[in-house]
4 protein chains.
Amino acid sequence: MQSRSPASRTGRPRSAAADAAILAATREALVDLGWSKLTLGDVATRAGVAKTTLYRRWAGKNELVVDAVAELFDELELPDSGSLAADIEGVVLQFAAILARPEAKSGLMAVVAESTRDEALRARIRESVVDRQKRLVVEGRARAQARGELPPEPDPSHPARTVDLIFDVIAGAVVHRALVSAEPVDTTWARSFTALLIDGMTAATTHSRSGQVAQ
Amino acid sequence: MQSRSPASRTGRPRSAAADAAILAATREALVDLGWSKLTLGDVATRAGVAKTTLYRRWAGKNELVVDAVAELFDELELPDSGSLAADIEGVVLQFAAILARPEAKSGLMAVVAESTRDEALRARIRESVVDRQKRLVVEGRARAQARGELPPEPDPSHPARTVDLIFDVIAGAVVHRALVSAEPVDTTWARSFTALLIDGMTAATTHSRSGQVAQ
Amino acid sequence: MQSRSPASRTGRPRSAAADAAILAATREALVDLGWSKLTLGDVATRAGVAKTTLYRRWAGKNELVVDAVAELFDELELPDSGSLAADIEGVVLQFAAILARPEAKSGLMAVVAESTRDEALRARIRESVVDRQKRLVVEGRARAQARGELPPEPDPSHPARTVDLIFDVIAGAVVHRALVSAEPVDTTWARSFTALLIDGMTAATTHSRSGQVAQ
Amino acid sequence: MQSRSPASRTGRPRSAAADAAILAATREALVDLGWSKLTLGDVATRAGVAKTTLYRRWAGKNELVVDAVAELFDELELPDSGSLAADIEGVVLQFAAILARPEAKSGLMAVVAESTRDEALRARIRESVVDRQKRLVVEGRARAQARGELPPEPDPSHPARTVDLIFDVIAGAVVHRALVSAEPVDTTWARSFTALLIDGMTAATTHSRSGQVAQ
DNA sequence: CAATAAGCGAGACGGTACGTCTTGTCTTTGG
DNA sequence: CCAAAGACAAGACGTACCGTCTCGCTTATTG
């Protein structure tokens, strides 16, 4: 999570309890104050920890918030629901459930904004948040292929089936609906979105750039 | 833009030049410093204006940045390219072009993050940014209907064709690709995404929740 | 006292009341806490002033304490008591009265200690404290010469009568008695000391380096 | 030096070398940083010792500095120079030589300042510094009496001859000259001062409080 | 054309948070 | 039991911004 001393045998070891307390306090502060009013001093106080302890382990507010929010994504799981549509719906709703929590709302977009100017931060986010989401899409795709719902080999003439693209569409749409449009991501919406996506993924033809689309 | 005193007849009028200078200085500071290190004092200095002048016109950093970034979206235009696919591609690429600019990257996501805790800010963003984007989607849909590419009436059995859904998918996917995945939104990607979306929009059937999808 | 902006016509002028409140708060804190536990944050709080206001006017703790203690020396006055002996006694007792106050005890020696490594601080102390003491010695000498108690011209063969030497002896002895020996500088001690000093100043002869002392 | 466990038979004995290293490191730090910037952590590092070791042996910065500076006074010695004047001069110059060293300058006045609020510290200073200086004055007086330069019995009608008074005058004048006036205590000054003092000590008469002194 | 009213620059103000440093204690490994 | 290493809670440091305020001055409109 934070930088691990490779081999420091001597000296008092870092308190493991402090880590958990700090991350929990960070989420609590995110709920109460939001990202911009969250202060490390306040987090330290809430965690019953000295500010120095906090700075010893995290480089700053951004890194701390990423780790605190990342723990929310530990619970992401892809239950085998028997069909691609149900799997996608499940992923959408699970992701939405996390985004609905105020600590995620406040924190996640803010660190993404910060990451536009900090490559290391982006890597940290990718590693501890994005890739965990993406794993679900990859798994879901594999299951659909096993079931025969999707062709086993990625069709080079059909780039619409790329995992990267599908993932950006799913994650982007859910985030935009939840945070920008500020409308609920409920079962109804999830079903509509899933229908749109599956139709897009499974359509038979690739389109020429300016051709007529549907007849 | 900012709140206008409804009837202030007497006294010295506010300098119009100051407004422009401040917004330009804000974008410059966003490029140089990013949202989190941008300070109103620095913006005032860059604009050659007193801090008081700035606070007289904007309530705070968030409102200022929204207005500064909003001006970037003035240039959004939907050229009539003759097909739905080309229109969508155009929208995607125009939106991506704005997002590629550092002042938009830094500022936009940050104010969206802030807006999760500030309803007035969200309204301001919607009004001056989101609705301007959405207008393109609405227009594009109208043109497609006029051309016969899409059915004229929104099909209640086909919610996938809702403007709101389509807009969240387009805007969300572009933002996610650009800022989270940090991959370029170029013509290739835009074409793949457009194909996926059009297939989803024009598919003949609505899917039952757990049915087999494609055969 | 602190650095005076030579000519700043514009901007809000500095509060004169703040200066007085800060210096009074500093003396209060010196009494309560002593020099080493005095913090500028605490002084600011006591004065009902922001820390920034304090740092805007003084470079640090040392400069602030010098100014705060210096005000105690404003009351130094040499009443014309009619004889050299009485004048010296008066100076000794006045100086001792100031040194007896805990804010002087705590602060004065500490800044002198600091001044051993800070030439600017030493100059500030000399200007606002030492020279005000010295003035009394100079005046007392002038009066004694006017009365005929001391020869009018400084005797080059009698360097013992130098003002600098006399001043170091008076000030040094009083400080040492009060702070190092920690014994009271009362009338009895002042009288003994005065006798010793006047005898030294008015003795007829200068001594050769290794000769018998008095004959 | 520091408190010695009266009978600690068991366990690893304390390193005697550590004590010397710590005191030397303290003096080195005093030279480099002065009293106010000297930190115990830095001293420990310079001495190649753990902070714990330091705190185990000294109660704090003040006590440590007193011990470190006190060692400088070990070298004080009164060579029998054959006359009272030469003895006094010798004492003055020896004391001045120590005060000229930056580790003494920085440290001594600071701990004296601290001692105004700490009775135990004052006792420690008296014991390890002041009394060692005073011993020289006592010895010098005894020799002068043996030589017949001073009357054998303390004259109750002549309190100017009290050892305490003489000591405060000598030590105070030297310190004031060296640290407050910041002028060199060289042979010239020492000779003038000695002349003044001896004249004061050996004058025949006690003065009535308001009598005419010299004509 | 003078009076009035608001805008404007400059910069001080009371606050708050920053990220670092020091203090004195505690907890580990190892001699 | 002592020593080194270093983590720990506490809290001060001096700086930077915040958003407000008080100045003296400028620029319009209105009487």
Side-chain angles (χ1 to χ4, degrees), chain A residues 5 8-15 17-18 37-45 47-61, chain B residues 5 8-15 18 37-45 47-61, chain C residues 5 8-15 17-18 36-45 47-61, chain D residues 5 8-15 18 36-45 47-61:
Chain A
S5 331
S8 82
R9 197 137 310 261
T10 161
R12 178 176 174 172
R14 290 190 180 169
S15 156
K37 312 222 153 171
L38 176 150
T39 67
L40 296 202
D42 179 64
V43 168
T45 303
V49 141
K51 246 193 322 174
T52 21
T53 298
L54 215 150
Y55 279 104
R56 203 177 290 119
R57 301 176 185 210
W58 284 277
K61 186 163 151 173
Chain B
S5 325
S8 73
R9 197 132 318 244
T10 172
R12 175 176 173 173
R14 289 188 180 167
S15 156
K37 312 222 155 177
L38 176 149
T39 70
L40 296 201
D42 179 64
V43 169
T45 304
V49 140
K51 240 191 337 168
T52 340
T53 300
L54 215 149
Y55 277 106
R56 207 176 287 121
R57 303 176 185 208
W58 284 276
K61 184 164 153 172
Chain C
S5 334
S8 88
R9 197 138 308 263
T10 130
R12 178 175 174 174
R14 288 191 179 169
S15 156
S36 65
K37 313 222 153 173
L38 177 149
T39 67
L40 295 203
D42 179 64
V43 169
T45 303
V49 140
K51 238 188 339 167
T52 24
T53 298
L54 216 151
Y55 278 106
R56 202 176 289 119
R57 300 175 186 212
W58 284 277
K61 186 163 151 172
Chain D
S5 328
S8 72
R9 198 134 317 244
T10 166
R12 175 171 170 178
R14 289 187 179 168
S15 155
S36 64
K37 314 222 153 174
L38 175 149
T39 69
L40 297 200
D42 179 64
V43 169
T45 304
V49 141
K51 243 190 337 169
T52 337
T53 300
L54 215 149
Y55 278 106
R56 207 176 287 121
R57 301 178 187 205
W58 284 276
K61 182 163 154 173

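Throughout, protein chains are lettered first and strands after them, A, B, ... in sequence-line order, and every chain is numbered starting at 1. These values consider heavy atoms only, across backbone and side chains, with no hydrogens, waters or symmetry-generated copies.
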Minimum heavy-atom distance between B/Ala18 and B/Ser15, given as atom pair plus value: N-OG, 3.0 Å
Is there any protein nitrogen or oxygen under 3.5 Å from a nitrogen or oxygen in nucleotides 12-18 of chain F, and what are the pairs?
from: F/dC13; atom 1: OP1; to: C/Leu40; atom 2: N; distance (Å): 3.2
from: F/dC13; atom 1: OP2; to: C/Leu40; atom 2: N; distance (Å): 3.4
from: F/dC13; atom 1: OP2; to: C/Gly41; atom 2: N; distance (Å): 3.4
from: F/dG14; atom 1: OP2; to: C/Tyr55; atom 2: OH; distance (Å): 2.5
from: F/dG14; atom 1: O5'; to: C/Tyr55; atom 2: OH; distance (Å): 3.4
from: F/dG14; atom 1: N7; to: C/Lys51; atom 2: NZ; distance (Å): 3.1
from: F/dG14; atom 1: O6; to: C/Lys51; atom 2: NZ; distance (Å): 2.9
from: F/dC18; atom 1: OP1; to: B/Leu40; atom 2: N; distance (Å): 3.3
from: F/dC18; atom 1: OP2; to: B/Leu40; atom 2: N; distance (Å): 3.2
from: F/dC18; atom 1: OP2; to: B/Gly41; atom 2: N; distance (Å): 3.3

Degree of bending, the helix from E/dC1-F/dG31 to E/dG31-F/dC1 (end axes from five pairs; round to 10°): 10°
Comparing B/Pro13 and C/Pro13 on DNA chain F - which has the more 5′ nearest nucleotide: C/Pro13
Whether D/Lys51 side chain and D/Ala44 backbone form a donor-acceptor pair below 3.5 Å: no
Partner residues of D/Ser36 under the side chain to side chain donor-acceptor pair (under 3.5 Å) criterion, sequence neighbours left out: C/Glu114
Whole-Å gap separating C1' (F/dG19) and CH2 (B/Trp58): 16 Å
Which atom of D/Leu54 lies closest to which atom of D/Leu40, heavy atoms considered: CD1-O, 3.7 Å
Phosphate-side-chain proximity, D/Arg57 and F/dA3, N/O vs OP1/OP2 below 4.0 Å: yes
Pairwise distance OG1(A/Thr52) to CZ(A/Arg57) - rounded to 0.5 angstrom: 10.5 Å
Interatomic distance where CG belongs to D/Leu54 and C1' belongs to F/dA4 [whole Å]: 13 Å
Under-4.0 Å side-chain N/O to phosphate OP1/OP2 contact, C/Arg56 with E/dC13: yes
Polar side-chain contact A/Arg12-F/dC8 base: donor and acceptor under 3.5 Å: no
side-chain N/O C/Thr53 vs E/dG14 OP1/OP2, d < 4.0 Å: yes
